[in-house]
Peer 1: 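What follows is a structure written as structure tokens; I'll ask about it next.
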Amino acid sequence: MRHVIALDVGGTGMKAALVGAGGELLHQARRATGRERGPDAVVEGILDFAAELRAHGADRFGEPATAAGVAVPGIVDEPRGVAAYSANLGWRDVPLRDLLSRRLGVPVALGHDVRTGGLAEGRIGAGRGADRFLFVPLGTGIAGAIGIAGRVEAGAHGFAGEIGHIVVRPGGAPCPCGQAGCLERYASAAAVSEAWAAAAGDPGADAADCAKAVASGDPNAVRVWQEAVDALADGLVTALTLLDPRTLIIGGGLAEAGETLFTPLREAVGRRVTFQKLPSIVPAALGDAAGCLGAGLLAWDLLDSTDLTTTDRTTTDRTEVTT
């Protein structure tokens with residue numbers, strides 16, 4: 001069975017899969033990233049994991065994978081296939097695409113983790129059928145993936161979609177990016193956890209606890225939650241004013257609160273739009289499988305583009321011979 005290798009590398013764990021031509025997950029595996037051993041060990045662990053997946057595919061399906069796709073965090077130079085920087089993993093300028101291609105003997109596509117997850121959500125998840133979408137996962141931070149006609153826009157320098165660093169509260173809380181008042185300092189899961197822990201007087205309280213308290217009617221929780229929702233709505237309206245998406249997909253840990261988040265968020269965004277067209281605001285559909293599925297799509301796209309190039313060259317050669 002023809003298949004590809006998909007790897008989703010996170011700060012603490014790696015998710016991997018063998019993905020069929022129809023996007024089906026034929027095999028799944030997980031293991032620790034091992035960042036405590038340093039960046040060189042992380043890279044070697046990725047290469048070893050990929051090689052094991054190749055061997056498993058060959059044993060199980062009678063042939064090895066035909067390509068691989070890898071999603072990594074941080075700054076990614078996708079055209080060059082370089083993992084440029086990751087604070088969590090400690091690496092700089094790792095030529096990961098070339099290293100994996102040499103190890104596996106197949107073409108490799110490298111992508112940014114959020115954009116890769118957004119690609120999957122847009123094509124086969126909550127954004128399926130939408131020609132324009134914006135995917136915003138609310139996790140430790142906030143990022144975004146801008147979907148256009150079945151692909152995700154990286155931008156001129158690979159920074160497109162960084163909605164978490166839109167300033168929504170000028171002069172507000174300092175952000176590690178160097179600005180003050182960034183969206184992710186108010187509306188990420190980490191920010192809600194911090195605010196609720198302070199309000200509840202419980203250092204161990206987190207965003208999930210806040211959501212439960214909101215559902216039970218706790219006024220302090222409602223206040224903390226609404227402040228986060230209002231900040232998120234401010235950031236999203238700025239984004240939809242610029243991008244005009246047909247579908248707005250919200251994922252990440254905070255989205256697991258379901259309608260506790262989506263009902264007030266839709267209301268808050270609706271109050272803020274004037275001339276803009278209100279997009280559908282929907283929860284992500286693929287959960288933590290989005291990164292792997294997206295990496296698989298990157299690999300299949302790479303094969304498709306290679307096949308098209310080969311076909312074009314063959315056609316040109318035949319034309320030249322005929323002429």
Peer 1: Just verifying a value: how many Å separate R151 CZ and I146 CD1, rounded to the nearest 0.5 Å?
Peer 2: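 Spacing of CZ (R151) from CD1 (I146) equals 10.0 Å.
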Peer 1: Can you list everything that forms a side chain to side chain donor-acceptor pair (under 3.5 Å) with T140? Sequence neighbours excluded, please.
Peer 2: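 Here no residue qualifies.
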Peer 1: Is there a path of hydrophobic side-chain contacts, each under 4.5 Å between heavy atoms of I/L/V/M/F/W/Y residues, joining L232 to V167?
Peer 2: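 Per the 4.5 Å side-chain linkage, V167 and L232 are not co-clustered.
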Peer 1: Considering all heavy atoms of both residues, which atom of G11 and which atom of N88 are nearest to each other, and what is their separation?
Peer 2: CA-CB, 4.4 Å
Peer 1: Applying side-chain hydrogen bond (donor to acceptor under 3.5 Å, both in side chains) as the test, list every pair that has at least one member in residues 60-71; sequence neighbours left out.
Peer 2: none
Peer 1: Is there a continuous path of hydrophobic side-chain contacts, each under 4.5 Å between heavy atoms, that joins L242 to V168?
Peer 2: yes
Peer 1: Going by the side-chain hydrogen bond (donor to acceptor under 3.5 Å, both in side chains) test, which pairs reach into residues 245-264, not counting sequence neighbours?
Peer 2: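 Residue pairs passing side-chain hydrogen bond (donor to acceptor under 3.5 Å, both in side chains), neighbours aside: D131-R246, E259-T263, E259-R266.
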Peer 1: Are the side chain of E227 and the backbone of W225 linked by a donor-acceptor contact shorter than 3.5 Å?
Peer 2: no
Peer 1: Check side chain to side chain contact (heavy atoms under 4.5 Å, CB included) between L286 and all other residues, then give those that pass, not counting sequence neighbours.
Peer 2: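 Testing L286 for side chain to side chain contact (heavy atoms under 4.5 Å, CB included), a comparison that skips the adjacent residues, returns A120, E121, I124, A290, L293.
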Peer 1: Report yes or no: does Q179 contribute a side-chain atom to a donor-acceptor pair with the main-chain N or O of C177 at less than 3.5 Å?
Peer 2: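 No; judged by distance alone, with no hydrogens or angles, the pair does not exist.
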Peer 1: Output the distance between atom CG (L18) and atom NE2 (H27), rounded to the nearest 0.5 Å.
Peer 2: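 Rounded to the nearest 0.5 Å, the CG-NE2 separation comes out at 5.5 Å.
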Peer 1: Using 0.5 Å steps for rounding, measure from the OG1 atom of T12 to the CZ atom of R35.
Peer 2: 6.0 Å
Peer 1: Do E194 and V224 have side-chain heavy atoms sitting under 4.5 Å apart?
Peer 2: no
Peer 1: Does the side chain of P279 come within less than 4.5 Å of L240's, by heavy atoms?
Peer 2: yes
Peer 1: Heavy atoms only: give me the nearest V273-L278 pair and the separation to one decimal.
Peer 2: CG1-CD1, 4.1 Å
Peer 1: Looking at side-chain heavy atoms only, is the closest gap between T116 and L298 below 4.5 Å?
Peer 2: yes
Peer 1: Has W300 got a side-chain atom pairing as donor or acceptor with G20's backbone, closer than 3.5 angstrom?
Peer 2: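 Checking the backbone N and O of G20 against the side chain of W300, a donor-acceptor pair under 3.5 Å is found.
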Peer 1: Assess the residue pair V237 and R271 against the criterion (side-chain contact (heavy atoms from CB on, under 4.5 Å)); give the C-alpha distance rounded to whole Å, side-chain angles, the decisive distance to 0.1 Å, and a yes or no.
Peer 2: CA-CA 10 Å; V237 169; R271 288 195 302 269; over 6 Å; no
Peer 1: Give the minimum heavy-atom separation between C292 and A6, together with the two atoms involved.
Peer 2: O-CB, 3.2 Å
Peer 1: Considering all heavy atoms of both residues, which atom of A68 and which atom of A299 are nearest to each other, and what is their separation?
Peer 2: C-CB, 3.6 Å
Peer 1: Side-chain contact test, heavy atoms from C-beta onward, threshold under 4.5 Å: evaluate it for R132 versus I148 and give yes or no.
Peer 2: yes
Peer 1: Do V136 and L248 come within less than 4.5 Å of each other through their side chains, counting heavy atoms only?
Peer 2: yes
Peer 1: Are V152 and I163 connected into the same hydrophobic cluster when the rule is that any two of I, L, V, M, F, W, Y join if their side-chain heavy atoms are below 4.5 Å apart?
Peer 2: no
Peer 1: Would you check if the side chain of R54 reaches a backbone N or O of L104 as a donor-acceptor pair within less than 3.5 Å?
Peer 2: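 Checked: pair present.
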Peer 1: So, do L236 and I281 sit near enough that their side-chain heavy atoms are less than 4.5 Å apart?
Peer 2: no
Peer 1: Among all residues two or more places apart in sequence or in another chain, which pass the side chain to side chain contact (heavy atoms under 4.5 Å, CB included) test with F159?
Peer 2: I75, H157
Peer 1: So, are D244 and K277 salt-bridged, with charged N and O less than 4.0 Å apart?
Peer 2: no
Peer 1: L25, L297: one ILVMFWY side-chain cluster at the under-4.5 Å cut-off?
Peer 2: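 Result: no, two separate clusters.
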Peer 1: What residue pairs, at least two apart or across chains, pass side-chain hydrogen bond (donor to acceptor under 3.5 Å, both in side chains) with a residue in residues 280-295?
Peer 2: R30-D288
Peer 1: Can you run down the side-chain hydrogen bond (donor to acceptor under 3.5 Å, both in side chains) pairs that involve residues 209-219, sequence neighbours left out, and say none if there aren't any?
Peer 2: none
Peer 1: Answer whether the closest heavy-atom distance between the side chains of W196 and N220 falls below 4.5 Å.
Peer 2: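 W196 vs N220: side chains touch.
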Peer 1: To the nearest 0.5 Å, how far apart are CZ in R2 and CG in L26?
Peer 2: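 Between R2 CZ and L26 CG, I get 13.0 Å after rounding to 0.5 Å.
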Peer 1: Determine whether a donor-acceptor pair (N or O, by modelled atom type, separation under 3.5 Å) exists between the side chain of R97 and the backbone of P79.
Peer 2: yes
Peer 1: With a 4.0 Å cut-off on N to O distance, would you call R123 and D301 a salt bridge?
Peer 2: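 Yes, this pair counts.
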Peer 1: Considering residues at least two apart in sequence or located in another chain, which fulfil the side chain to side chain contact (heavy atoms under 4.5 Å, CB included) criterion with D93?
Peer 2: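 With sequence neighbours excluded, D93 shows a side chain to side chain contact (heavy atoms under 4.5 Å, CB included) to V82, A84, given in chain and number order.
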Peer 1: Mind checking the CG-OG1 spacing from L243 to T238? Nearest 0.5 Å is all I need.
Peer 2: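 One gets 10.5 Å once the value is rounded to the nearest 0.5 Å.
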Peer 1: Are any of the side-chain nitrogens in R37 or E44 under 4.0 Å away from the carboxylate oxygens of its partner?
Peer 2: no
Peer 1: Kindly state each residue pair satisfying ring-ring contact (aromatic ring centres under 6.0 Å, His included) with at least one member in residues 57-115, sequence neighbours excluded.
Peer 2: H3-F61
Peer 1: If you round to the nearest 0.5 Å, how far is CG of L89 from CD1 of I46?
Peer 2: 7.0 Å
Peer 1: Would you confirm whether S101, through its side chain, and V106, through its main-chain N or O, come within 3.5 Å as a donor-acceptor pair?
Peer 2: yes
Peer 1: Closest heavy-atom contact between P73 and V76?
Peer 2: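 Scanning both residues completely, I find the closest heavy atoms to be O-CG2, 4.3 Å.
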Peer 1: Would a distance-only check, ignoring hydrogens and angles, find a side-chain to backbone donor-acceptor pair under 3.5 Å from T33 to G10?
Peer 2: yes
Peer 1: How would you list all residue pairs meeting salt bridge (charged side-chain N to carboxylate O under 4.0 Å, His left out) that involve residues 71-89, not counting sequence neighbours?
Peer 2: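 Only D77-R80, E78-R115 qualify under salt bridge (charged side-chain N to carboxylate O under 4.0 Å, His left out).
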Peer 1: Which hydrophobic side chains are connected to F275, either touching it within the sub-4.5 Å cutoff or through other members that do?
Peer 2: none
Peer 1: Looking at every non-hydrogen atom in both residues, tell me the closest pair between A126 and A284 and how far apart they are.
Peer 2: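 Result for this residue pair: CB-CA, 4.2 Å.
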Peer 1: Quick check: is M14 connected to V19 through a chain of hydrophobic side chains (ILVMFWY, heavy atoms under 4.5 Å apart)?
Peer 2: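 Not linked; separate clusters.
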Peer 1: Sequence neighbours excluded, which residues qualify as side chain to side chain contact (heavy atoms under 4.5 Å, CB included) partners of A173?
Peer 2: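 Result, side chain to side chain contact (heavy atoms under 4.5 Å, CB included) vs A173: R185, Y186.
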